[in-house]
Amino acid sequence: MRVAFLDLGAAYAELRPEVDAAVARVLAGGRYVLGPEVESFEAEFAAYCGARHCVGVGNGLDALYLILRALDIGPGDEVIVSAHTFIATWLAVSATGATPVPVEPDAHGYNIDAGHVTAAITPRTRAVIAVHLYGEPADIDPIKDVAAQHRLAVIEDAAQAHGARYRGRRTGGRADAAAFSFYPAKNLGALGDGGAVVTNDASLAARVRAAANYGSRSKYVHETLGVNSRLDELQAAVLRVKLTRLDEWNARRTRVAAVYRRGLEGASLVLPEAPDWAEPVWHLFVVCSAARTVLQRHLAEAGIETLIHYPTACHRQQAYAATPLGGADLPRTERLSETVLSLPIGPHITPEQIAHICATVAGLPDRGS
Ligand SMILES: *Cc1c(COP(=O)(O)O)cnc(C)c1O
């Protein structure tokens, strides 16, 4: 039996008539950038997140970058970031000229340890980016309390957490602004690149919208040195179809996670442990194994594709080697990069495939680790 890490073809197959109709509607309509599909998607996604505003942009990295820009963050500023994350979180900060200041995850999870944020604050700190990693919401309230005391902005990197709930409310409207990615493999994925900024702050939304469109609010009037980063009509039309299925598909992922939890009980793995105030959407199902290399090879031999999110910590990447961050001491983050393994999860994985994965993990020869 073959188990792909994620089957995007199956996602299309399930929605084919609706996706094809949406694409045909855009093609025939003749408007491909800045049109009615993006406008409708923005309203629908803002409502879904329980927030007032949504601005479609080119991708998740740009969403983060445009939020930071709209907050006037730049050279000389520091932004506290999750140490354990996809590098885009850090790159967005670096792109503004500011410096990312990493804070490690807590001892039991993968998300930023809210209790360690205060110690990372300096007179140069301007904002905190909390990543809802793997689909699990970060503990945002204590971070907002600390940020309020120090007049810092709080940004959610929600690129992996569309629909996840923190204390009953969806990610996206919980802080000053949130960045979403619609990269195809995300829980809400387009058929190409896409992203969005979600916020309750009308003025911030307007600044992001202008900056993403050449610094312009009306055609050929350019008030700031903007960029071109827009969600296009085709992607927006497809996302509108997929948004109607997001809750159902997230629920399927949640059921898969529950089956994994039962099926992997007793295996010598650390299973993901969500706090009781969190309703994760299981973008990834990440386990920790001291024998990861052996386990991954064993699964591959049984036809099971796994991935590592992420094999090299951001501060250990060549991109940061020449900066002071290259020498940062982040032991928990480094340990995670050596032990995490992502098992296949998604709305279209079958019960037989999950059973095969659990049986294969259980059949790993015991090597005493
Ligand atoms: C995917 C992702 C991004 C970047 O999104 P893109 O659309 O690929 O630019 C940012 N942060 C996290 C945590 C991500 O997983």
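Just follow the structure's listing: the first ligand is 1, and inside any ligand the first atom is 1. Below, each value reflects all heavy atoms present in this structure, side chains not excepted, and no hydrogens, waters or symmetry copies.
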Practice prompt. Please write out which residues are connected to V26 in a hydrophobic cluster, directly or through intermediates, given that two of Ile, Leu, Val, Met, Phe, Trp, Tyr count as joined at side-chain heavy-atom separations below 4.5 angstrom.
Written response: Y12, L15, V19, V23, L27, Y32, L191, L234, V238, V241, W249
Dump the pairs for me: ligand 1 N or O, protein N or O, distance under 3.5 Å, to 0.1 Å.
{"from": "ligand 1", "atom 1": "5 (O)", "to": "S181", "atom 2": "OG", "distance (Å)": "3.2"}
{"from": "ligand 1", "atom 1": "7 (O)", "to": "G60", "atom 2": "N", "distance (Å)": "2.7"}
{"from": "ligand 1", "atom 1": "7 (O)", "to": "S181", "atom 2": "OG", "distance (Å)": "2.6"}
{"from": "ligand 1", "atom 1": "9 (O)", "to": "G60", "atom 2": "N", "distance (Å)": "3.3"}
{"from": "ligand 1", "atom 1": "9 (O)", "to": "L61", "atom 2": "N", "distance (Å)": "2.9"}
{"from": "ligand 1", "atom 1": "11 (N)", "to": "D157", "atom 2": "OD1", "distance (Å)": "3.2"}
{"from": "ligand 1", "atom 1": "11 (N)", "to": "D157", "atom 2": "OD2", "distance (Å)": "2.8"}
{"from": "ligand 1", "atom 1": "15 (O)", "to": "Q160", "atom 2": "NE2", "distance (Å)": "2.8"}
{"from": "ligand 1", "atom 1": "15 (O)", "to": "K186", "atom 2": "NZ", "distance (Å)": "2.7"}

Practice prompt. Write down the atom of R332, the atom of G109, and the distance for their closest heavy-atom approach.
Written response: NH2-O, 2.6 Å
Worksheet item: Is a side-chain donor-acceptor pair under 3.5 Å present for H283 with E136?
Response: no
Worksheet entry | Test side chain to side chain contact (heavy atoms under 4.5 Å, CB included) applied to Y48 - qualifying residues, sequence neighbours left out | F45, R170, L243, L246, D247, N250
Worksheet item: Distance only, no hydrogens: is a donor on one side chain within 3.5 Å (strictly under) of an acceptor on the other, for S216 and E223?
Response: no
Discussion item. The criterion is salt bridge (charged side-chain N to carboxylate O under 4.0 Å, His left out); which residues satisfy it with R209, sequence neighbours excluded?
Written reply: E42
